Amino acid sequence: MPRITLPDGSVRAYDQPVTAAEVAADIGPGLAKAVIGAQINGELRDAGALIEQDAELTLITAIDRKTGESSEAALLLIRHSCAHVMAEAIQRVIPGVQLVYGPPLDKGFYYDMSVPPDRPISTDDFDAIEAAMSKIIAEDRPFARYELAVDEGMKKLQAEGSKYKIDNAKRAVEAGSDRLSWYATGEPNKDWEDLCKGPHVPSTGRIGAFKVMSLASSYWHGDANSDRLTRVYGTAFADKKQLADYLDQLEEAKKRDHRLLGKQLGLFHIDEAVGQGLVLWTPNGAIVRKELQNFISEELRKQGYQEVFCPHIAKLELYKTSGHFPYYADSQFVPIMERDFLRKLADDGCSCSDLANMMAAGDIEGYLLKPMNCPHHIKIYSSQPRSYRDLPVRLNEFGTVYRWEQSGELSGMIRVRSFTIDDAHLFCREDQLSDELRGCLSLVKVAFETLELKDLRIRIGLRDPDSSKYVGEPEVWEKAERACRDAAAELGTHVSEELGEAAFYGPKIDFIVRDVLGREWQLGTVQVDYNLPERFDLTYTGSDNQPHRPVMIHRAPFGSMERFIGVLIEHFAGAFPTWLAPEQVRVLPISDKSMAYAEKVQRALTDQRVRGGIDRNDDRIQAKIKAAVEMKVPYLLVVGPNDEREGVVSIRARGIRRNLGTLPIAVFVEALRREIDSRGRQTVVAEHFQAMTV
RNA sequence: GCCGCCGUAGCUCAGUGGUAGAGCACACCCUUGGUAAGGGUGAGGUCAUGGGUUCAAGUCCCAUCGGCGGCUCCA
């Protein structure tokens, strides 16, 4: 006798088990037609799922009648269903494909499959696959669920002989399923079907719009030593308009890609001849980087940091002491060997494989391109005796490090093999740790607020107790983890804790953002470290005249300058705020006749250290404006005879498609100077043209 | 590193085994102009690199280098 409670609080009583679809039909014929699934006590199910007991029921329609939008649950049903349709289509187009696993995603779905080695799937197959999918959808075949007992189901799978599906079933059983379920697209045992726990839309015709997006490879179970699978990505929506909007959004996002903008705006260059993942900062990019470094340096001075410089290499032995070698040997450039050492090996008849083994083991005399800055900073700390009165010692450096990232990982400025960390290491007493952590976090906060980076996630990376990759004693870890939690709690932002995300030497607080393609990247980080002070036997003299062990904090508000600026380019779509913009103002003379006046304006700008130049091209003003807009210059000063007569400039501001009006040269330059010095808190537009921008 | 796709002028990209193309950018000339492309002329190429097939290769095959998407990894 189920009593069904609907979201509006109304209750419907039935004297026998009822399906969600029947409840919908009970409410009205329109809803009966529109319903594609149901949430029963919060769990997403088929519209045809039987409700036997009292339940809370939310009926899912493809498009919400009130909002005109699709709920996440609706899109999930559509996409998961579409994954089946795509799998069927692919098996039809390419015989011999074995299916593995096809889940829905945030923006679509994928299906992993094992393809015959002599017939890989290619993007050229997409048309045929989409045509086959369209046909299946046009046939509007029902998604028919049926269940078998585990024994019976396993027998069926054994008979079919797909090791992947057998594995899926075993996993389902291990996870506690007492039955196995299939979904046939049409009639069970006759039409195409797939082992699947569901749920699905009622029939293929309910998939409104879809597209096969891309191909990639993956590993079975995510294990690099296991089978290589082909992953086909697709997406699906409730209707064609949603799909078109999504594809437009993707196009827009691509225009913000830092690799594209980096080229267009002359921010950086990566040259084959220099090497993969090695960023060349071209003059415009160098300006952005320098401004950011200046900005962070100002904050560091306020917080009592001392700047240091270190070489880019050090003896291998140093990294053995720190533990970075051999722990991270695979992701470091191979050691640099001393010539005499190499000669001696050769004289002793050392073979290439002997040498390779020695290098892997670090049994050589030589140097390492530094993978981290901390060992160097530690040696600066220990270069003199330290009293408890000297602490905290805060050493900062824009320190360049080198890491051997796998070639397939490299990506523009965001994943590279050489990058500069806005690094610092703090050495403090136990009783100072919380305050210092708070100081570090406030620094990150100031940096991110100034740059209007709001869409970020904060993660506390904790040790995974089951893993052996960590160094140090459990009780020390607990102390450090507690300190991180306490400091992060004061940030007031949502913080997630993740096991296994700690550095090998200690827990950390990471700041994570997304790029335009939705990929997450770690930027800033604050890490507590009780381990390295131990390894390097660091001490300070306490008030008791006894040696004590300092605690270290590693922190980098931006993380890598390369990655940070890569993300920043995308965040601003290349339109940097004036203080960061490589070219802050461009002077556009109406014609050659105004060139002398343009030069006078330019001098006034240069005198105030404003960056920019004159467009000396023989173009009409329209063309000059277009060129400057494309370079995303914040302010354009159009100067012609009229302006010259009055000693003013005609101003255009980025993002406003018209002439704002004129200001005397000096007035504009002063206002601009204020905009730059305040890092955008004041602007020329707000000061002089506010009324016009509304 | 792995799987798939891709590599033609500075940039974006056409190019069907048979004489290497366009637009933009650049240079020069005409034009001297008032808020998102004025007109003309010209220069610019080891078709990523190396091998192979062929009478003939940018085009087909193999290898290498590099890029893109994803997987795996990320102190």
Side-chain angles (χ1 to χ4, degrees), chain A residues 110 112 114-115 117 120-126 213-233 254 257 259-260 263-264 266 270-273 275-277 319 322-325 327-328 330-332 370-375 401 403-412 415-416 421 423 461 469-471 501-506 508 510 517 519 521-522 525 527 529 532 554 556 560 563 588-595 617-630 636-643 650-652 656-660:
Chain A
Y110 67 79
D112 277 349
S114 171
V115 302
I121 301 178
S122 131
T123 45
D124 294 340
D125 296 318
F126 283 8
M213 300 294 288
S214 63
L215 280 175
S217 88
S218 63
Y219 299 114
W220 194 28
H221 299 163
D223 175 0
N225 298 313
S226 189
D227 297 10
R228 295 185 214 309
L229 306 173
T230 299
R231 176 170 296 183
V232 187
Y233 282 87
K254 276 189 197 156
D257 189 313
R259 290 164 297 193
L260 183 73
K263 199 175 273 183
Q264 276 171 14
I270 295 171
D271 198 293
E272 236 184 276
Q276 283 183 290
Y319 301 101
S322 72
H324 292 116
F325 196 95
Y327 190 83
Y328 286 106
D330 286 348
S331 44
Q332 288 164 4
K370 67 174 172 182
M372 291 203 99
N373 299 308
C374 28
V401 299
R403 296 181 189 175
W404 186 261
E405 303 286 4
Q406 299 185 77
S407 64
E409 295 302 339
L410 300 171
S411 179
R415 191 83 186 259
V416 293
I421 306 177
D423 213 352
K469 77 170 193 176
Y470 306 100
V471 294
E501 291 295 330
F504 76 94
Y505 49 73
K508 54 181 188 164
D510 290 329
L517 300 176
R519 297 177 292 203
W521 300 100
Q522 180 194 312
T525 182
Q527 311 178 354
D529 185 0
L532 286 178
H554 308 239
S560 136
R563 175 176 292 179
L588 312 179
I590 290 286
S591 77
D592 286 355
K593 288 178 182 161
S594 302
M595 197 56 81
N617 279 300
D618 183 19
D619 286 321
R620 289 171 58 204
I621 194 67
Q622 287 84 342
K624 290 181 183 178
I625 287 169
K626 181 169 197 291
V629 167
E630 278 173 356
L636 308 185
L637 304 182
V638 175
V639 295
N642 305 340
D643 305 286
S650 295
I651 297 159
R652 270 181 86 109
I656 304 172
R657 281 185 72 113
R658 63 197 155 82
N659 180 5
L660 287 175

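FYI, side chains are in, hydrogens and waters are out, and symmetry mates aren't considered; it's all heavy atoms of this structure. Worth saying up front: this structure is predicted, and the values here are computed from it rather than measured. Labels below follow one simple rule: chain letters A, B, ... track the order of the sequence lines, proteins then strands, and each chain is numbered from 1.
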To the nearest Å, how far apart are [X] [atom1] and [N] [atom2]?
| X | N | atom1 | atom2 | answer |
| --- | --- | --- | --- | --- |
| Ile590(A) | G33(B) | CD1 | C1' | 7 Å |
| Asp112(A) | C71(B) | CG | P | 10 Å |
| Lys624(A) | G33(B) | NZ | C1' | 9 Å |
| Ile621(A) | G34(B) | CD1 | P | 9 Å |
| Ile656(A) | A36(B) | CD1 | C1' | 15 Å |
| Ile421(A) | A75(B) | CD1 | P | 11 Å |
| Leu229(A) | C2(B) | CG | P | 16 Å |
| Asp330(A) | A75(B) | CG | P | 13 Å |

Give me the distance, rounded to whole Å, that separates [N] from [M] when you measure between the [atom1] atoms they each carry.
| N | M | atom1 | value |
| --- | --- | --- | --- |
| G4(B) | U72(B) | C1' | 16 Å |
| U59(B) | U19(B) | C1' | 15 Å |
| G45(B) | G38(B) | C1' | 30 Å |
| G42(B) | G1(B) | P | 47 Å |
| U8(B) | G58(B) | P | 15 Å |
| C6(B) | A14(B) | P | 12 Å |
| A20(B) | A56(B) | C1' | 16 Å |
| A48(B) | C68(B) | C1' | 15 Å |

Looking at every strand, decide which applies to [X] at a 4.0 Å heavy-atom threshold: base, sugar-phosphate, or nothing.
| X | answer |
| --- | --- |
| Lys263(A) | sugar-phosphate |
| Arg652(A) | base |
| Thr525(A) | nothing |
| Tyr110(A) | nothing |
| Asn642(A) | base |
| Glu501(A) | nothing |
| Gln527(A) | sugar-phosphate |
| Gly222(A) | sugar-phosphate |
| Gln622(A) | sugar-phosphate |

Intra- and inter-strand pairs of RNA chain B in dot-bracket (Watson-Crick or G-U wobble, both distances under 3.5 Å; | for another strand) = (((((((..((((....[..)))).(((((.......))))).....(((((..]....))))))))))))....
Per the atom types in the model, does the base of [N] pair as donor or acceptor with the side chain of [X] at under 3.5 Å?
| X | N | value |
| --- | --- | --- |
| Ser594(A) | U32(B) | no |
| Arg403(A) | C73(B) | no |
| Asp643(A) | G34(B) | yes |

Search all heavy atoms of [X] against all heavy atoms of [Y] and return the closest pair with its distance.
| X | Y | answer |
| --- | --- | --- |
| Ile651(A) | Asn659(A) | O-OD1, 3.4 Å |
| His554(A) | Asp529(A) | NE2-OD2, 2.8 Å |
| Leu229(A) | Tyr219(A) | CD1-C, 4.2 Å |
| Arg658(A) | Arg652(A) | O-CG, 3.5 Å |
| Tyr319(A) | Pro375(A) | CE2-CG, 3.7 Å |
| Ile621(A) | Pro589(A) | CD1-O, 4.1 Å |

Side-chain contact, heavy-atom cut-off 4.5 Å: [X] with [Y]?
| X | Y | answer |
| --- | --- | --- |
| Asp592(A) | Met595(A) | yes |
| Leu532(A) | Cys374(A) | yes |
| Gln522(A) | Lys508(A) | yes |
| Arg519(A) | Ser411(A) | yes |

So does [Y] get a backbone contact from the side chain of [X], meaning a donor-acceptor N/O pair under 3.5 Å?
| X | Y | answer |
| --- | --- | --- |
| Arg403(A) | Pro371(A) | yes |
| Asp643(A) | Gly640(A) | yes |
| Glu501(A) | Asp510(A) | no |

With the criterion being N/O to N/O and under 3.5 Å, what pairs connect the protein with nucleotides 23-30 of chain B, and how long is each?
| residue | atom | partner | partner atom | Å |
| --- | --- | --- | --- | --- |
| C30(B) | N4 | Asp618(A) | OD2 | 2.9 |

Options C73(B), G33(B), G34(B), nucleotide nearest the side-chain atoms of Pro641(A) =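 Comparing C73(B), G33(B), G34(B) against the side chain of Pro641(A), the answer is G34(B).
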message = From the set A75(B), G38(B), U32(B), return the single nucleotide nearest to any side-chain atom of Tyr328(A).
response =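 Of A75(B), G38(B), U32(B), A75(B) is nearest to the side chain of Tyr328(A).
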request  = Measure the spacing between CD1 of Ile590(A) and NZ of Lys624(A) and express it to the nearest 0.5 Å.
outcome  =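 Ile590(A) CD1 to Lys624(A) NZ: 8.0 Å, rounded to 0.5 Å.
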ask   = On RNA chain B, nearest-nucleotide positions of Val629(A) versus Asp223(A): which is more 5'?
value =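 It is Val629(A) whose nearest nucleotide is closer to the 5' end.
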Nucleotides 63-70 of chain B: which of its N/O atoms have a protein N/O under 3.5 Å away?
| residue | atom | partner | partner atom | Å |
| --- | --- | --- | --- | --- |
| C65(B) | O2' | Glu272(A) | OE2 | 3.4 |
| G66(B) | OP1 | Gln276(A) | OE1 | 3.3 |
| G67(B) | OP2 | Gln276(A) | NE2 | 2.5 |
| C68(B) | OP1 | Arg259(A) | NH1 | 3.4 |
| C68(B) | O3' | Arg259(A) | NH1 | 3.4 |
| G69(B) | OP1 | Arg259(A) | NH1 | 3.1 |
| G69(B) | OP1 | Arg259(A) | NH2 | 2.5 |
| G69(B) | OP2 | Arg259(A) | NH1 | 2.9 |
| G70(B) | OP2 | Arg519(A) | NH1 | 2.5 |
| G70(B) | O3' | Tyr233(A) | OH | 3.2 |
| G70(B) | O2' | Tyr233(A) | OH | 3.3 |
| G70(B) | N2 | Ser217(A) | O | 3.4 |
| G70(B) | N2 | Ser217(A) | OG | 2.2 |
| G70(B) | N3 | Ser217(A) | O | 3.4 |

